[in-house]
> 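My questions all concern the structure below.
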2 protein chains.
Amino acid sequence: MTARRTFIRAGEEARRLALIDATLDCIAEGGPQAATVRAIALKAGVTPGLIKHYFDTKEDLVASAHETLMTRMTEASAAALDDLPADPVARLAGFITNAVTPPVVDPRAMALWAASMQLVPRDAAMRDVHEATYLAFRDRLERMIANALAAAGKPHDTATTRALAIAGNALLDGLWIEASVLPDQFAQGEMRSIAIRAFARLLDLKLSE
Amino acid sequence: MTARRTFIRAGEEARRLALIDATLDCIAEGGPQAATVRAIALKAGVTPGLIKHYFDTKEDLVASAHETLMTRMTEASAAALDDLPADPVARLAGFITNAVTPPVVDPRAMALWAASMQLVPRDAAMRDVHEATYLAFRDRLERMIANALAAAGKPHDTATTRALAIAGNALLDGLWIEASVLPDQFAQGEMRSIAIRAFARLLDLKLSE
DNA sequence: GCTGAAATTATACACTTGAATAATTGCTGC
DNA sequence: GCAGCAATTATTCAAGTGTATAATTTCAGC
């Protein structure tokens, strides 16, 4: 008469979130192949069968996890904007600094990003999410660049600003990746200095370091 | 008396290479989880057991495949250098163009890169390979930048050049990623134009578009 | 306190995975 | 040609996978 495991009934919302978080943890730690139903359930403190109760299939769970991840990243980025100064140039500098320093720079986030990047070329839903996220971030950067150029009295036609936003976005992405994946390669604050100086040259602006 | 499958004895070298190529194809098409011994053997036109004959374990095969991939990328990049003009400024422009246009820009290569990126944070061997490859590429870019600046009569102290190489490398990486993963977002030649103009501003050089 | 519905666990199953071993075949050197 | 070695195939196995279903437990409403 080995007693059955005791449990508590969590609300649907909480359980779904717990399973999604467990999934993200598994992927971050061991890649997608480590996110088995058993590993996820174990990490969520739950039995594998429960996954079936909240998600029709494991694929559904993974898709939900991906959507949650992207939403969180977008929201975190938006929230950080509130703490930036109002002056357009200082605001841009703060935005750049945020993008290339912790907590945005983070090996775990990088691993999750790489995992989803891998799916984008062959999964239409993933591609749509990626495209929307990419364009949202780039558009935000583009507006900040336009405002900073305007505030500094520099010319800023839309075509050039667009091109600068694409390049600036790529620059931030590349620095974010290397800082996340090879943290020991760069000294404290080095990334920030590099990013600020690169943007200053790119935009021909004086950005405070 | 169902006949046994007929086969030919390939040289060790050729068979190992065929298995490695099959592995890379599998990963590119369906991610690491699609690279099962059976799928790899099928694509290589061989029986699963043969993998054991050439590689002690599947992990060994995957590691060899990764090493081969990185070596090829490095060699392809080096080979392309030979076709570039001798003039340092034009040479840099050509290098930049190569990095953001096909065949370097390629969804398959991007998928493989993302797959290995995912392993870097938790696999020391992968990290070493990544670090060496990254530094080799960056150093090459740094030398080309220094030469171009010198040819144009611009100042080029080592610290600044180093920072510019890091930023330039990140810029190329970011553009390469987006061009590979969202090819429809950018018009023919747009990436090249964006990259060249960004580098021209970054280095304060006149680069021919 | 009961009761009933829903959440959760337990168990089972069919299938895929990587690996190990035995049986056969192609090919090289004579 | 033929002998023998090594490359290759065929077969097997134990472990792990996702999923389906039945058995139980929790807990809200009365």
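Since we're looking at a predicted model, the values are computed, not measured. Letters A, B, ... mirror the listed sequences (proteins, then strands); counts begin at 1.
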> Rounded to the nearest 0.5 Å, what's the gap from CD on B:E67 to CG on B:L69? Could you check?
10.5 Å

> As an exercise, state the distance from CG of A:L17 to CD of A:E12, rounded to the nearest 0.5 Å.
12.0 Å

> Quick check on DNA chain C: between B:R5 and A:P48, whose nearest nucleotide comes earlier from the 5' end?
A:P48

> Applying the side chain to side chain contact (heavy atoms under 4.5 Å, CB included) test to B:L172, which of B:N98, B:I96, B:V104 qualifies?
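One option only clears the test, and that one is B:I96.
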
> Just how far, in rounded Å, is P of D:dT24 from CG of A:L50?
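Atom-to-atom, A:L50 to D:dT24, this comes out as 18 Å.
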
> Rounded to the Å, how far apart are B:F7 CZ and C:dG26 P?
5 Å

> Of all of residues 13-39 of chain A, which get a heavy atom below 4.0 angstrom from DNA chain C, listed by number?
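Those residues are A:R15.
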
> Contact list please: residues 54-61 of chain A against DNA chain D, heavy atoms, distance less than 4.0 Å, in numerical order.
A:T57, A:K58

> Any donor-acceptor pair, under 3.5 Å, between the side chain of B:R9 and the base of D:dT8, if you only look at N and O atoms?
no

> Please name all residues satisfying side chain to side chain contact (heavy atoms under 4.5 Å, CB included) with B:K58, sequence neighbours left out, ordered by chain then number.
B:V37, B:V62

> Side chains of A:E178 and A:Q185: is there a donor and an acceptor less than 3.5 Å apart?
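Judged by distance alone, the side chains do not pair up.
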
> Rounded to whole angstrom units, what separation is found between the CD atom of A:E12 and the P atom of D:dC27?
17 Å

> Base, sugar-phosphate, or nothing for A:I8, non-hydrogen atoms under 4.0 angstrom?
sugar-phosphate

> Given atom CD1 of B:I51 and atom C1' of D:dT8, what is their separation to the nearest angstrom?
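Whole-Å distance recorded here is 13 Å.
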
> Distance check, rounded to the nearest 0.5 Å: A:D173 atom CG versus B:W176 atom CH2?
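It is 13.0 Å, given to the nearest 0.5 Å.
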
> Can we say B:R127 and A:D184 salt-bridge, meaning some charged N sits less than 4.0 Å from an Asp/Glu carboxylate O?
no

> C:dG26 phosphate, OP1 or OP2: any side-chain N/O from B:T6 under 4.0 angstrom?
yes

> Assign each of A:K52 and B:H53 to its nearest nucleotide of DNA chain D by heavy atoms, then name whichever residue's nucleotide is nearer the 5' end.
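Checking each residue's closest nucleotide, the 5'-ward one belongs to B:H53.
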
> If you measure from the Lys or Arg side-chain nitrogens to the Asp or Glu carboxylate oxygens, is any gap between B:K43 and B:E29 under 4.0 Å?
yes

> Between atom CZ in B:R4 and atom P in D:dT11, what is the gap in whole Å?
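Whole-Å distance recorded here is 8 Å.
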
> To the nearest 0.5 Å, tell me how far A:I166 CD1 sits from A:R138 CZ.
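It is 4.0 Å, given to the nearest 0.5 Å.
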
